[in-house]
Visitor: 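One structure, as C-alpha cells, below. Some questions next.
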Amino acid sequence: MKKIFLYIFIVLIFDFTRSYAQSGCLIPANNTVYTVQDNQGIINAVLAIVFGGNPVYQANPNEPSISTCIANSQKVWVATAQNCTVCPLGYSFNILGVVTGCQTTTYVGNVANATIVQCNIDDHTWIFGAAAGLFGIFIIRKRNKP
C-alpha cells in the first residue's frame with residue numbers, strides 16, 4: 001500500500017513540475033507556436049492518460065517561433081519528437097462533455113520548449129561598417145579641402 005501511495009506521489013510531483021515548464025505546439029508551416037492547451041473533454045483526457053495521446057492546443061494566444069532581439073537575448077522555441085495538434089476553432093462538445101471532434105481542419109506540429117539565447121551580433125555588423133564608411137568619407141573630404 002505504501003508503494004502505491006509513493007508511486008502516485010511521484011507521478012503527481014512530475015506532473016506538477018511539468019506544468020510549469022513553458023511549452024507550446026510549434027507548427028513548422030507558419031513558424032507559429034500555440035501556447036495554451038485546449039480542454040479535450042473528460043473522455044478524451046482519460047483515453048490520453050491510459051493509451052497515450054498528443055496534446056491539443058488552442059489557436060490563441062500564439063507567438064512567432066523566434067522572437068525579436070530585446071536586451072541582447074531572444075526566445076527561441078525548440079521542437080521535440082512528440083506530436084501535437086492545434087484545433088483553430090476548438091472542439092464541439094455535447095451535453096455530457098464528450099468531445100465530438102475538432103470543428104475545422106487541424107494543424108499538426110511538434111511540442112516545443114522555450115529557450116532564451118543570446119542574440120547574434122553578426123546580424124548587425126552592416127551598421128558598424130556603414131558608420132565606419134561614413135566616418136571615413138568625412139575624414140577624406142576634410143583632408144582634401146584646400
Visitor: Name all residues meeting the side chain to side chain contact (heavy atoms under 4.5 Å, CB included) criterion together with S73; count only those two or more places apart in sequence or in a different chain, and write none if there are none.
Guide: I116
Visitor: Side-chain contact, heavy-atom cut-off 4.5 Å: N113 with V78?
Guide: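 No. Closest side-chain heavy atoms not under 4.5 Å.
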Visitor: Taking C-beta and beyond as the side chain, do Y57 and Y107 meet within less than 4.5 Å on heavy atoms?
Guide: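 Not touching, per the 4.5 Å side-chain cut-off.
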Visitor: Give a yes or no answer on whether the side chain of T80 reaches the backbone of V111 with a donor-acceptor pair at less than 3.5 Å.
Guide: yes
Visitor: What residues join I139 in its hydrophobic cluster, counting side-chain heavy atom gaps under 4.5 Å, either direct or through other members?
Guide: F135
Visitor: What are the two closest non-hydrogen atoms of P28 and G109, and how far apart are they?
Guide: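 Smallest heavy-atom distance, with atoms named: CD-CA, 4.3 Å.
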Visitor: Would V86 and I27 satisfy side-chain contact (heavy atoms from CB on, under 4.5 Å), going step by step from the backbone distance to the final call?
Guide: CA-CA 9 Å; V86 175; I27 306 298; 4.0 Å; yes
Visitor: Taking side chain to side chain contact (heavy atoms under 4.5 Å, CB included) as the test, write out the residues that go with V117, two or more places apart.
Guide: Q74, V76, T115
Visitor: Remaining members of I137's ILVMFWY cluster at a side-chain heavy-atom cut-off under 4.5 Å?
Guide: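 I137 shares its hydrophobic cluster with no other residue.
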Visitor: For N31, enumerate each residue passing the side chain to side chain contact (heavy atoms under 4.5 Å, CB included) test, keeping only those at least two apart in sequence or located in another chain.
Guide: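 N31 satisfies side chain to side chain contact (heavy atoms under 4.5 Å, CB included) with S65 once adjacent residues are dropped.
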Visitor: List the atom of T106, the atom of P88, and the distance in Å for their closest heavy-atom pair.
Guide: CA-CD, 4.3 Å
Visitor: Salt bridge (Lys or Arg N to Asp or Glu O under 4.0 Å): which pairs involve residues 51-67, sequence neighbours left out?
Guide: E63-K75
Visitor: Starting from V33 and following side-chain heavy-atom contacts under 4.5 Å between hydrophobic residues (I, L, V, M, F, W, Y), which residues can be reached?
Guide: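 Joined to V33, directly or through intermediates: L26, W77.
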Visitor: Roughly how far apart are C25 SG and Q37 CD, rounded to 0.5 Å?
Guide: 9.5 Å
